[in-house]
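Encoded as structure tokens, the structure appears first; notes follow it.
Below, read A as the first sequence line, B as the second, and so on, with proteins coming before strands; counting in each chain starts at 1.
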Amino acid sequence: MSNQAVDSRIRFMKLDEAAVSRIRSIKPMIMKEMPGALDGFYDQVRATPETRAFFKDDGHIDGAHKKQMAHWDVISSGQFDEHYAAGVNKVGHVHARIGLEPRWYIGGYAIVLDTMVGKIVEARWPKHALNTRGVNARSTAEELGALVKATLLDMDLAVSVYLDALEEKRQLAEAERQKGEDAQNSLCSALADGLKRMASGDLTARLEIDVDPRFQGVKDDFNTTVATLAQTIQSISGSANAVLNGSEEIASASDDLSKRSEQQAASLEQTAAALEEITVTVNRTASGSRQAAEAVAAAKADAQTSGDVVQRAIAAMGEIEKSSAEINQIIGVIDEIAFQTNLLALNAGVEAARAGDAGRGFAVVAQEVRALAQRSAEAAKEIKGLISTSGKQVNQGVSLVGETGASLARIVEQVAAIDSLVSEISSSAQEQASSLSQVNTAVNQMDQMVQQNAAMVEQTTAASFSLKTEASELDGLVSSFRTGDNAGTRRANPVHAAQARIEAFARPQAKRPAAPARSAGNTALKVDEWEEF
Amino acid sequence: MTPFAVEAEAAAGSMLELISFEIGGQEYCIDVRSVREIRGWTPTTPMPQTPEYILGVINLRGAVMPVLDLRSRLGLGKTEPSSRHVIVVIQHETRMAGILVDGVQETFQLAASLLQAPPAMDSDANNQFVDAIIPLEGRMLSRLVVGALLPLETRAEAA
């Protein structure tokens, strides 16, 4: 409340110098009666629960009492200056602050004024007929009027201040409300903008504006949400990329696998065919070895028969030898006879010689006889030589036949050995045949499995291609989000990591020089290609 | 006159009747008239204290007759007799003996002119067994002195 406002009120109320002097004149009386009036007021305050609630205790009431006393001192002095204005202002503001409504204030003035008017009238009421010292009804009315004016002025001022304070308070509250509304609006628009950007896939949107502390939570939550979403989308993008890469790897790997499975299947079929040929060959070997065993048995029997023949031949040779010996004996006899004949002829010759010419004829006969005897002896000698040769030949034949017999015996032994060997070969061939049929069965099973594998691999290939498509789609979808952090954070492809591990594991083997392409059959597979698995 | 000379003279100008035999592949011959008989080998009965060339005695139709190993007598070694060996019974004057030879070959006639005297070979006259050599085609026969062949004791006893 400005000083001008007080002055304008004073002018309107005609609280002029005369009125002020009237008040000053009754100031001692006012100050004298005021404590009692205030006591009455505070008694009423104490008695009324609504007013009593404004005070903590009696000390508080006493403090207020003293301040009222000081205030009334100012009022009764008629000093309605800036000091007074400040005091009234303070009182009004306090009342507004504590929420003391004007009715209690006005009520309080009523009680105090009631007491004061009563006391003043009592004091001014003529005790004697003699109106002394110029006190009359008019002066008393003027005094009372001045007092009422001052009181009402004070009351008006305090109430005005109270109302002003209330208005101020209301305006303050309005401004506050407006400010809150503005903050809310700006937050709303920022939020709308952010949400719009988010809707368009921009996850870099952040609420950068300064907001009321009340909305700080909303802003933080929005920013955190968007950041989390961006991070999640980034993660999803990385994962989608990894899935795409992985699915590409799987697709190409399963494609390779499919081709190799086909090759494997073809190789296995060839293997099975080759095995069947081998089986046929082995069966032929088995039957051939059986025939060989039969032939060997026949050879064995023949060799044994030959042994008997040899024995008979040896016996026959012996017979020949015996006959030769007999012939020899006979020849000896003949030879002896020839010898004796020769001797006789010689004797005859001798006798003929002795006889001289008379014995000439006899000598001729003797000569003839001798010649016969000599021819006989020579023939015997020749026969003897022939027989001897024959005997030698027979002996030779016997030894040859004996050797033949020994050879035949050895042949029989060897044939027996061959027989056992051939039967072993036969049984081995049969075992081989049965083993081969087992191998054949296994290879056929393998063939079937490989066929199934090939079919499965084809399914896998199809599935991996569709997975690849899906992953690509997912990657495209996710990459439509702007997260503010691009390829840099894309997660490393786990498939590549696994491959690197496998390669690191497989490299030492690949470096080994003595690893020629072990190409069994026509399945010439590169070592490198395998290492991928 | 030596007996050789007598015989040679007797045969001079006439044909000689000889019989040839063989010892160790070497051929010898004697006059066929000194041969009494030719017979096969008969085992002899050895006689004690006789020269090495005396094989023993045999019974020749009741007469005991010595048998000489001619090979040993000629100083050509000993003969292992067998059934194929032949004993030639010879007679010199009154004495008879059998000589063992490897074999008798033949009787033959020969002109005395073909005989040749053996060359001087520093041999003992008493033990001179060969009085002539007959060279024939491809062979050479030595004619033995029958009387020289007989044992000395026998000769002395007979003389």
What residues of residues 324-353 of chain A make heavy-atom contacts with chain B at a cutoff under 4.5 angstrom? A/G332, A/D335, A/E336, A/F339, A/L343, A/L346, A/N347, A/V350, A/E351, A/A353
Quick check on B/I19 against chain A: is it the side chain, the backbone, both or neither that has a heavy atom closer than 4.5 Å? side chain
Is there any residue in residues 382-409 of chain A with a non-hydrogen atom under 4.5 Å from a non-hydrogen atom of chain B, and which ones are they? none
Does atom CZ (A/R375) have a neighbourhood of more than 12 heavy atoms from anything else shown, all under 6.0 Å? no
Is it the case that the side chain of B/R33 and the backbone of A/R354 share a donor-acceptor pair, with hydrogens and angles ignored and the cut-off at 3.5 Å? no
Taking atom CE of A/M446 as the centre, report whether more than 12 heavy atoms of other residues, nucleotides or ligands fall under 6.0 Å from it. no
Option in B/E17, B/R36, B/R39 with maximal non-hydrogen atom pairs under 4.5 Å from chain A: B/R36
Under a 4.5 Å heavy-atom cut-off, does chain A meet the side chain of B/E106, its backbone, both or neither? both
